[in-house]
Amino acid sequence: MIATPPAILIDCDPGIDDCLALMYLAGLHHAGDIELVGVTTTAGNVEAYQTAANARWILDLCSLGDVPVAPGLTRPLKVDLTTTPETHGSTGLGYATAPTTTLHHSDWQRLWKEALAAHHDLQLIVTGPVTNLAAFEEAHSEAVAQFGAITIMGGAVNYRGNTTPTAEWNFWVDPHAAAQHFHSSAPRVPTTLCSLELTEQFLITPQRLEAVMELLHGHPMAHILRDVLRYYFEFHQAQGEGYQAQIHDLLTCMIALGQIDFEVVETTVDVEAESPLLRGTSVADLRNHWGRAHNARLVTSADMEAAHQECLRGFTLLASR
Ligand code: RIB
Ligand code: CA
């Protein structure tokens with residue numbers, strides 16, 4: 001019997017590393033390794049309609065015009081929206097700009113419900129603020145329990161932040177959504193959490209980009225990828241990280257799909273939402289001081305060299321489309 005490829009729904013905020021994640025998922029979709037059933041977007045790196053236009057453009061360039069894209073909520077649950085054009089560029093794709101587009105899907109919750117109804121064990125990957133997931137949990141708590149797995153890129157767990165001394169960007173943008181998720185998901189669908197201390201280890205250098213460009217020779221994405229990544233290289237260099245880029249969201253997808261070896265610890269994660277100073281700070285109760293039910297599988301390590309090889313495999317699949 002032919003195994004059914006895992007059905008994947010990604011909620012993202014393209015965003016440069018989200019862009020590489022979508023390209024990777026497109027490659028695996030074309031190869032039949034997965035079925036990418038839909039993409040929804042959050043406000044985060046840039047506004048929600050722009051992240052949706054970016055996702056639409058990327059999927060169209062990857063010959064996935066039939067995969068639906070819908071913008072999600074346009075602002076965090078309670079705080080005002082803050083975007084980061086200084087990190088991802090004024091429209092979210094570095095020095096590249098998506099053309100204006102018509103988004104044929106506007107009801108992201110309907111997209112999620114239809115995907116859940118159509119796909120047993122649907123996997124959700126979240127690589128932006130957790131706004132949509134938290135809102136969906138609030139409105140459709142019984143439906144959320146139907147997800148086969150949830151994987152989130154977010155948080156800096158017992159680690160320094162990239163947005164404040166203690167907070168990572170996705171959890172800082174919408175701290176209430178992140179806090180609400182970790183309060184509500186246990187024990188329904190434990191979350192696999194890929195937090196900053198792990199994901200910032202996955203670095204694309206200009207040399208690795210050139211290896212990707214060679215693979216993608218002639219692919220439509222090759223025409224924009226250097227402009228997309230150059231902005232991110234410059235941002236990281238300005239941050240003192242060197243002329244390279246942390247590709248958080250692509251590593252998260254590889255882990256969600258089990259394509260590389262990684263280790264986890266079952267634990268309880270909580271997020272601070274009310275403190276102005278500690279907004280978005282995430283903590284894992286690794287020594288069980290709280291005595292609360294576990295709500296997360298915190299990824300503590302992953303095979304980064306395997307991730308680089310898997311990245312090349314995914315883009316080879318994309319290029320051979
Ligand atoms: O902190 C890294 C995360 O914030 C990544 O998802 C990146 O795309 C930004 O959204
Ligand atoms: Ca992101």
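No experiment lies behind these values; they were computed from the predicted model shown. We count ligands from 1, going down the list as the structure has it; atoms in each ligand are counted the same way. Computed over heavy atoms, backbone and side chain alike; hydrogens, waters and symmetry mates excluded.
- Looking at Asp13 against ligand 1, only its side chain comes within 4.0 Å, counting heavy atoms.
- For the Ca ion (ligand 2), the nearest N, O or S atom contributed by Asp13 is named OD1.
- Checked by atom type and distance alone, the side chain of Gln123 never pairs as donor or acceptor with a backbone atom of Leu257 at under 3.5 Å.
- The protein non-hydrogen atom at the shortest distance from atom 6 (O) of ligand 1 is Asp249 OD1, 2.7 Å.
- Residue-level proximity to ligand 1 for Thr127 is carried by the backbone, the only part with a heavy atom below 4.0 angstrom.
- Residues forming a ring pair (Phe, Tyr, Trp, His ring centres under 6.0 Å) with His140 (at least two apart in sequence, or on another chain): Phe136.
- Close approach to Met153 involves these atoms of ligand 1, each under 4.0 Å from a residue heavy atom: 2 (C), 3 (C), 5 (C), 6 (O).
- Numbered from 1 in the order shown, with element, the atoms of ligand 1 that lie under 4.0 Å from a heavy atom of Asn162 read 1 (O), 2 (C).
- The heavy atom nearest to atom 10 (O) of ligand 1, considering only Asn170, Val46, Asp18, is found in Asn170.
- For residue Asn170, no N/O/S atom approaches the Ca ion (ligand 2) to within less than 3.0 Å.
- With respect to Arg297 and Glu263, no salt bridge is recorded, no charged nitrogen being found less than 4.0 Å from a carboxylate O.
- Ring-centre distance between His88 and Tyr232: below the 6.0 Å cut-off.
- Look at Asp33 and Arg313 and you find a salt bridge, because one of the NZ, NE, NH1 or NH2 atoms lies within 4.0 Å of a carboxylate O, short of that distance.
- For ligand 1, the atoms sitting less than 4.0 Å from at least one non-hydrogen atom of Asp17 are 5 (C), 6 (O), 7 (C), 8 (O), numbered in the order shown with element in parentheses.
- In terms of distance to the Ca ion (ligand 2), the nearest N, O or S atom of Asp249 is named OD2.
- Atom SG of Cys253 is separated from atom CG of Leu22 by 7.5 Å, given to the nearest 0.5 angstrom.
- Some N or O of Asn45 is nearer than 3.5 Å to an N or O of ligand 1, by distance alone.
- Contact atoms of ligand 1 toward Glu168: 1 (O), 2 (C), 3 (C), 4 (O) (distance under 4.0 Å to a heavy atom of the residue).
- A salt bridge between Arg160 and Glu168 is absent, with no side-chain N of the basic residue lying under 4.0 Å from a carboxylate O of the acidic one.
- With respect to Arg208 and Glu305, a salt bridge is recorded, a charged nitrogen being found less than 4.0 Å from a carboxylate O.
- Proximity of the aromatic rings of His219 and Phe315 is defined here by a centroid distance below 6.0 angstrom, and this criterion is not met.
- Residue-ligand proximity, His248 to ligand 1, at heavy-atom distances under 4.0 Å covers atoms 2 (C).
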